[in-house]
> 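This is the structure I want to talk about, given as C-alpha cells.
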Amino acid sequence: LTFIIPSYFVWLIFVTPFVGALATAALRRARQVSSYVAVAFSFVSAVFAFSMLVPILTGQNLQVDYSVIPKSVPWISGPWLSGISGFKGLTMGVLVDPYTAILANVVAWISFLVMVYSLDYLKEDGGTNRYFFFVSLFIGSMQLIVLSDNLLSLFIGWEMVGLCSYALIGHYWKDETKDWVGTPGEKALGEDQAYPPSHAGMKAFVMTRIGDVAMLAGILILFDYTGTFNYSLLASTSGTWVPRLAHSGLLVPVALLIFGGAVGKSAQFPLHEWLPDAMAGPAPVSALIHAATMVNAGVVLVARVAPLFYFAVFLNPAMSVATVQPFFLTVAWIGAFTALLAASQALVGFELKKILAYSTMSQIGYMMMAVGVAGLSTDFASGLSAALYQLMSHAIFKACLFLAAGALIHAADSKYINEMGGMRAKMKLTFAAVLIAVASLSGIPPFSGFWSKDAVLGVAYGAGQYALFAAGAVTAGLTAFYSFRMLGIVFFGGRSQRLEDVEAAGHLVHEPSPVMWVPYLILAGATVLIGLTALAGQFVPSLNIEATLDSSATSYIQSLYPQVASVPSAGFDVTASVIAIIFVAIGFLAAASFYIIRNASPSRFVGQSGLMHSLHVFLEKRWYINAVYYKVFVNAPIAASNWLSDRFDFKGLFRVNDAGTVLGISLSTAGNWVDANIVDGIANGFSTAGQAISRALRRIQTGIVEQYVQVFALGIILLVLFLLIALGVKLP
Amino acid sequence: VVVPIAIAAVCYLTAGRLGKNVGWIALLGLAFTTLTLLVYGAGQVFGGGPPLSESYPWAGSGQANILTFGFLADNLSLPVVILMNLVLAATVVYSMPYMEKRILSLYGGPKPARFGLYYLNLLLVAAGLAGIALSTNLIELYLFLEMVLIPTFVIISFFGYVQKERVGIIYIIWNQLGAFVFLAGIALAYGATGSFMISDLGATQGSSLAYWIAGLILVGWLVKMGIFGLHMWLPITEAEAPTCFAPTMAVVSGIGAYVIARVLLFGMPSTFQGFSLPLMAWAVITMFYAGAVAVAQSDVKYIFAWSTMSQNAYSILALASFSVLGVAGGVFYFVSHILGKFVMFAAAGILLTQTGVRDTKKMGGLAGKMPFTAALFVIGALILSAVPPTSGFQAEWMMFAGVFTQGAVGSSSYLAVAILGLIATLFTVAYTFWPIRKIFFGSLPSTLEGVKDAPLTMTLPLLAIVVISILIGIYPDLVSKFLINFANGLPIGGRFGG
C-alpha cells in the first residue's frame with residue numbers, strides 16, 4: 001500500500017507559517033484579526049504536516065509526487081562546483097520520510113496549540129502583533145530546519161530561529177521589574193543573577209551564536225571538501241571525502257564543530273546558561289521555544305548529521321568505526337553531564353518556569369546521550385529512534401507543563417512556587433494536567449515519559465555504556481524528586497501568605513478560560529494516549545511505538561545509505577527499566593515525604609550550615625558557572641574593549657593625526673614645488689587642487705563662513721569644468 | 001558617469017531657487033544611471049551577453065597612444081556599480097530632510113545654496129565611485145579616486161559635526177597619503193610596462209618589481225579601507241561626517257575591496273598570492289581590534305564608524321584568501337555591508353534628528369516611541385550580523401567558505417586564521433545588538449517623552465534598501481552569479497572536488 005502526497009504539501013508546511021507572518025504584519029492595524037490569522041495559518045501548516053503522518057498511522061508506504069516542485073530546486077548557481085560530477089550548483093529541497101514526518105508533526109501541532117493558548121494569554125498585551133509575527137516566523141523557521149535536505153537551508157532556518165527567540169524572549173521589552181527572570185538583587189560571585197527580558201533575549205542570541213559560529217565553520221569545511229551541503233549527496237560521495245577528511249585529521253573536529261551548533265541551540269553544557277534566563281519570555285513562548293521546538297533543533301541537527309558520519313565510516317571497508325567514536329563519546333557525555341547538571345539545579349529552584357527550564361536542559365541531555373550512544377553501539381537506528389521517542393514525549397508533556405505554569409503564574413500573580421501552595425483546590429483541571437505531565441516527566445509507568453526514557457536508558461545499557469547508563473539513571477531519580485517537589489509545593493499544603501494577600505486584594509485564584517486549559521489538557525491527554533498505546537504495543541505488535549520509531553529511523557538512514565540493512569527492533573529493556581524505576585521511586589518518595597505528605601522538613605534536612613547547606617547554595621548559584629561566564633566572557637572583554645578604545649586608540653594611535661597635521665602644515669609652507677615633486681603625470685592637477693584647498697581651508701579656518709563657501713564653490717566649479725572639458729573634448 | 005557630473009552642475013546652479021527639492025533632480029540623475037545599468041544587467045542575466053566596454057583615446061596619439069579612457073561593465077563591476085548606485089540614490093532621498101535640519105542648525109537658516117553645494121559634492125562622489133568601478137586603466141582610476149576624495153572632504157568640512165574642519169583635514173591628509181602610495185605603484189607599473197591599462201599589469205609578474213608594484217597599490221588602498229595601523233582617520237571622520245553622508249563614506253572606503261579584486265586579483269594574481277597569508281592575518285587582527293573597540297563605544301555614530309573598519313576587514317580577509325568563493329564573497333560582502341551600513345547609519349541619523357541625542361547611555365525604551373525606526377535598526381543589525389534572510393548571510397557564508405578553502409585543504413595556519421576570523425564575527429552581534437537594547441528597550445528617560453517616529457521621506461529609502469537586501473538574501477544568485485563567474489575566471493585556487 002502506498003500513500004502519495006505532492007511535494008508542495010511538504011514545502012507548504014514551512015511556507016505557510018512564513019506567509020502567516022507576513023499576513024500578520026500586514027494586518028497590524030487590525031490587531032485582533034491578525035492574531036486569529038496567524039493561528040489559522042499555523043493550523044493549515046499543521047494539516048499539511050499531518051498529511052505526511054497519515055501513512056505512518058495507517059501502515060502505508062509514504063511516497064512523494066515531485067511533478068510540481070522537483071526534488072531539487074536550483075538556488076545558487078556556479079560553475080565552481082563542476083568538480084563534482086554532474087553537479088552544477090546549490091539546490092534546495094525537502095526531506096520526506098517517516099522520521100521527518102514525525103518531527104514535523106510534533107512541531108506543527110504543539111505550535112498550533114501554543115498559538116491558540118496565546119490568544120487568551122496575551123489578550124491584554126499591547127504587542128500581540130509583534131508576538132504572532134515572530135511566533136509564525138519561528139514555526140516556519142523550525143520547520144525549515146526539520147524539512148531541509150541540506151545543511152545550508154537548515155542553517156538559514158537555524159539562524160532565523162535564533163532571531164525569533166531573541167525577539168520572543170525579549171517580548172516584554174520595557175524591562176519592568178515584574179517581567180525579570182530571577183530575583184532582582186540576587187548575586188553570585190558579585191555578578192547579577194537576575195536579568196531583564198531584553199538582556200535575556202540578547203544573552204540567548206549571543207550565546208547560541210557562539211555555537212553557530214562553530215557550526216558554520218564545520219559546515220563550511222565540509223563544504224570545502226565536498227562542494228555540497230546536501231545530505232544525500234554527502235552520503236553518496238562519502239567514499240571520497242571521508243577518507244580525505246580523516247587523513248587531514250579533521251573528521252572528528254568537523255563533526256564536533258557542527259555539534260557545537262547543537263550544543264548552543266539545545267542548551268547543553270557548556271553553552272547552557274542562556275536557557276534558564278530565557279524564561280523572561282511569556283509562558284507560551286517558553287512552551288514553544290524552550291520545550292517543544294527550538295531546543296529540539298539541536299537534536300534534529302545531530303540526528304541528521306550523526307548517521308552521515310557514522311555510516312560513511314562504517315560502510316568503508318578501509319576504515320574502522322573507532323575513527324568516529326570520539327565524536328559519539330563526546331556527544332553522549334555532554335548529554336549525560338548536562339542531564340545531571342541541570343537536574344541538580346532544578347532540585348533547589350523556586351521559580352516555577354526556571355525549574356521547568358532546568359528540566360528541559362536535562363531532558364534534552366537524554367536525547368543527546370541517545371544519539372551519542374547510537375554511535376557506540378552496534379544498533380545505530382535504535383539510538384536514533386530513542387532520541388526521537390524522547391523528543392516526542394518530552395515535547396508534549398513539557399509544553400503541557402509550561403502552558404499550565406502560565407495559568408498558575410497568572411492565577412497566583414507570582415512566579416515563585418513558594419508563593420503558591422494548596423492550589424489543587426481551586427484549579428482541579430490544571431492540577432490534573434500537571435500531575436499527568438509530572439508523572440510522565442518523572443518516568444512513571446505507563447505515561448509516555450516512562451517508555452521514552454526507558455528507550456534511551458535501554459540503548460545505553462544495551463551498548464555496554466554503564467557509566468552513561470548510571471548517569472542517566474541517577475538523573476531519573478533527581479527528575480522524579482524535583483518534579484514532585486514542584487507539584488507538592490504548588491498544589492499541596494496550605495496556601496501561602498502571598499496567595500492570601502492576592503485574594504484579599506480581590507484577585508481570586510481560578511481556572512483560566514477554556515482557550516487556555518483546553519490546549520494543555522489535550523497535551524496531557526496525548527501523554528496518556530501515547531503511554532497506553534506503548535503499553536498495548538507490548539502485546540499487540542501493530543501498536544508498538546518503539547518499533548515504528550525504529551523503522552522510521554532506519555528509513556532515514558536508508559535514505560542516505562540505501563545499503564544499510566534494517567535491524568529488528570530491540571524492544572523493551574527490562575533490566576534497564578527496573579534499575580531506573582528504583583531510582584525514580586527513591587526520588588518520588590523523598591519528594592512525597594518532604595512536600596506532599598509533609599512528614600519531613602526540607603529546611604531541617606538542609607540546615608543553616610554544613611555540607612548540605614553549601615551544596616544547596618552551590619546548586620542555587622548554578623554551580624557558579626553563570627557567574628564565571630559573566631566575569632570571563634562579558635566583563636573582561638568589555639573592560640578590554642574600553643581600554644583599547646580609550647587608552648590604546650584614542651590616547652595612543654590617534655595622536656598620529658596630530659603629527660599628520662603638523663606634517664601637513666609644514667608641507668604647505670614649504671611651497672608649491674613639494675607638490676610638484678610628489679606627483680607627476682596628469683594627476684598633479686588634481687592633487688595640487690586638493691592640497692590647495694586644504695591649505696586654503698587652513699588659512700581661513702577661523703574666518704567667516706561665507707568667505708570660504710565662495711572659495712570652495714569656485715574651486716569645485718573649476719574642478720568640474722576641468723573634468724567636463726577633459727571628457728567633452730576627447731569624447732568622439 | 002557623465003550624467004551625475006552634469007546633474008551635479010545643474011544642482012548647484014538651480015539650488016538657489018529650488019532649495020531642498022534640488023535633491024529630486026539628483027535622484028533623477030542617479031535613477032537614470034541605475035536604470036541603464038539594470039537594463040543592461042537584466043540583459044546579462046537572461047542573455048548571458050558579453051561584457052560591455054567602451055574606450056576612448058585620451059592622451060597621446062596614433063601608435064603612441066599611451067592613455068585610453070575606457071569603461072568596462074563586466075561580471076565584477078556590474079553588480080557593484082548597480083548596488084552602489086542604489087545606495088547613493090537612497091542617500092539622495094534620505095539627505096533631503098536630514099540636510100534641511102542640519103543646515104538649519106549649522107547655518108541658522110534654510111540656505112538654498114548649501115543644498116546645492118551638498119548635492120554637487122554628493123553627485124561628484126557618486127560619479128567618482130561609478131568611475132572607479134568601471135575604469136579600465138590605473139590613471140583613470142586614480143582620477144576618479146580624487147573625484148571622490150575631494151568632495152568628501154568638502155562635505156565633511158561643511159556639514160560635519162564636532163571639529164568638522166579638523167576632521168576634514170585628517171580625512172584629506174590620510175587619504176591623499178593613500179592615494180600617493182597608490183600613484184607611486186602606478187608609476188612603477190608604468191615604468192615597467194609602458195602602459196596604464198589594468199589588463200597590462202600582468203606583464204610585470206615574475207619580476208621582483210612586481211611585488212613592489214602590488215605592495216604599493218595594496219597599501220594605498222588598505223589605508224582607505226582602514227586596516228589596523230592605518231586606520232586612525234577612519235572612525236572619527238565617518239562618525240563626524242553628516243550622518244546622511246556616512247553610509248557613502250562606508251562605500252568610499254569599502255570600494256577598496258573592489259579595487260583589490262579588480263587591479264590585484266585580476267591584474268596580477270600570482271603576485272598577489274604572495275601577500276595572501278600575511279594579509280589575512282592582518283585583516284583578522286583588524287576585525288578583532290575594530291570589533292572590540294566598537295563594543296566600547298557609546299556614541300551611536302562611532303559604533304558604526306568602527307564597524308565599517310571591521311567590516312572592511314572581512315572583505316580583505318576574503319579577498320586575500322585567494323579562492324574563488326573568497327573573492328566572490330569578499331566583493332559580495334562589500335556590497336551587502338554598504339546596504340546594511342546605509343540602513344544602520346540612516347536609522348542612527350533618524351535617532352539623532354528625532355531625539356537630538358547621540359549617546360546610547362542617554363537613550364532607552366524608544367521602541368515604543370519609534371517602532372518603525374526600531375524595526376529598521378534591527379534589520380540593519382541583522383544585515384551586518386549576517387543573519388538570514390538578509391544579504392549579509394549569503395555573503396558571509398560564501399566568503400568564509402572561500403576563506404576556509406585554503407585552510408581545510410591546505411595548511412593549518414590558514415585554518416587558524418579562518419577560524420579566528422569567524423570568531424571575530426561574534427563582535428558584530430555584540431556591537432549591534434547591545435546598543436539596540438540600550439537605545440530601544442528598557443524604560444524611557446523622561447527627557448525623551450516627546451519623541452516621535454520619523455517622517456516617511458526618511459524611512460522609505462531605508463525600507464527600499466532593506467527590501468533589496470532581503471531579496472538578495474533569499475535569492476543570492478542576483479549578485480553571486482556575476483561575482484562567482486568573475487572569480488572563476490581568475491587563475492586562483494579553491495575549487496572543489498580536487
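First the proteins, then the strands, lettered A, B, ... as listed; each starts at 1. None of the values given here were measured: they were computed from a predicted structure.
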> Output the distance between atom CD1 (A:Ile221) and atom CD1 (B:Ile419), rounded to the nearest 0.5 Å.
5.0 Å
> What I'd like to find out is whether the side chain of A:Leu220 reaches to under 4.5 Å of the side chain of B:Val403, using heavy atoms alone.
no
> Quick check, are the ring centers of B:Phe404 and A:Phe223 under 6.0 angstrom apart?
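No, the ring centres sit 6.0 Å or more apart.
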> So how far is it from A:Asp224 CG to B:Leu325 CG, rounded to the nearest 0.5 Å?
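Reported to 0.5 Å precision, the distance equals 7.5 Å.
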> Answer whether the closest heavy-atom distance between the side chains of A:Leu152 and B:Trp397 falls below 4.5 Å.
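Of all side-chain heavy-atom pairs linking B:Trp397 with A:Leu152, at least one is under 4.5 Å.
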> Given heavy-atom pairs under 4.5 angstrom as the criterion, report whether the side chain, backbone, both or neither of B:Trp434 touches chain A.
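The answer is both parts of B:Trp434.
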> Restricting to non-hydrogen atoms, name the atom on A:Met160 and the atom on B:Pro388 that form the minimum distance, rounded to 0.1 Å.
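So the minimum-distance heavy-atom pair works out to CG-O, 3.3 Å.
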> For A:Tyr172, is it the side chain, the backbone, both, or neither that has a heavy atom closer than 4.5 Å to a heavy atom of chain B?
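Neither part.
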> Is chain A contacted by the side chain of B:Leu382, its backbone, both, or neither, given a heavy-atom distance below 4.5 Å?
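Only the side chain of B:Leu382 comes within 4.5 Å of chain A.
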> At a heavy-atom separation under 4.5 Å, does B:Tyr431 approach chain A through its side chain, its backbone, both, or neither?
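The answer is neither part of B:Tyr431.
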> Could you tell me which portion of B:Leu426 (side chain, backbone, both or neither) has an atom closer than 4.5 angstrom to a non-hydrogen atom of chain A?
side chain
> In terms of heavy-atom proximity below 4.5 Å to chain B, should A:Ile210 be classed as side chain, backbone, both, or neither?
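Answer is both: backbone and side chain atoms of A:Ile210 are under 4.5 Å from chain B.
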> Heavy-atom distances under 4.5 Å only: say whether A:Leu163 touches chain B with side chain, backbone, both or neither.
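Interface part for A:Leu163: side chain.
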> Under 4.5 Å from any heavy atom of chain A, what part of B:Pro371 do you find: side chain, backbone, both or neither?
neither
> Check whether A:Pro637 gets within reach of chain B through its side chain, its backbone, both or neither, counting any heavy atom under 4.5 Å.
neither
> Chain B: which of A:His199, A:Glu159, A:Arg130 shares the most heavy-atom pairs with it under 4.5 Å?
A:His199
> Identify the heavy atoms of B:Leu422 and A:Val213 that sit nearest to each other, and give their distance.
CD2-O, 3.4 Å
> Grab the two heavy atoms, one from A:Ser198 and one from B:Arg437, that are nearest each other, plus how far apart they are.
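Answer, listing the atom of A:Ser198 first, then B:Arg437: OG-NE, 2.7 Å.
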> Of all the heavy-atom pairs spanning B:Glu396 and A:Leu216, show the shortest one and how long it is.
OE2-CD2, 4.5 Å
> When heavy-atom pairs shorter than 4.5 Å are enumerated against chain A, which of B:Ala430, B:Ala184, B:Ala328, B:Pro389 gives the highest number?
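Most heavy-atom pairs under 4.5 Å with chain A: B:Pro389.
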> Examine whether an atom of B:Leu149 lies under 4.5 Å from a heavy atom of chain A, and if so say whether it belongs to the side chain, the backbone or both; otherwise answer neither.
neither
> Just wondering, do A:Arg209 and B:Val387 contact through their side chains at under 4.5 Å, heavy atoms?
yes
> So which of B:Tyr289, B:Phe440, B:Phe393 has the biggest tally of heavy-atom pairs under 4.5 Å with chain A?
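The option with the most such pairs is B:Tyr289.
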> Tell me, do A:Tyr166 and B:Ile436 make a side-chain contact under 4.5 Å, heavy atoms counted?
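Yes, at least one pair of side-chain atoms sits under 4.5 Å.
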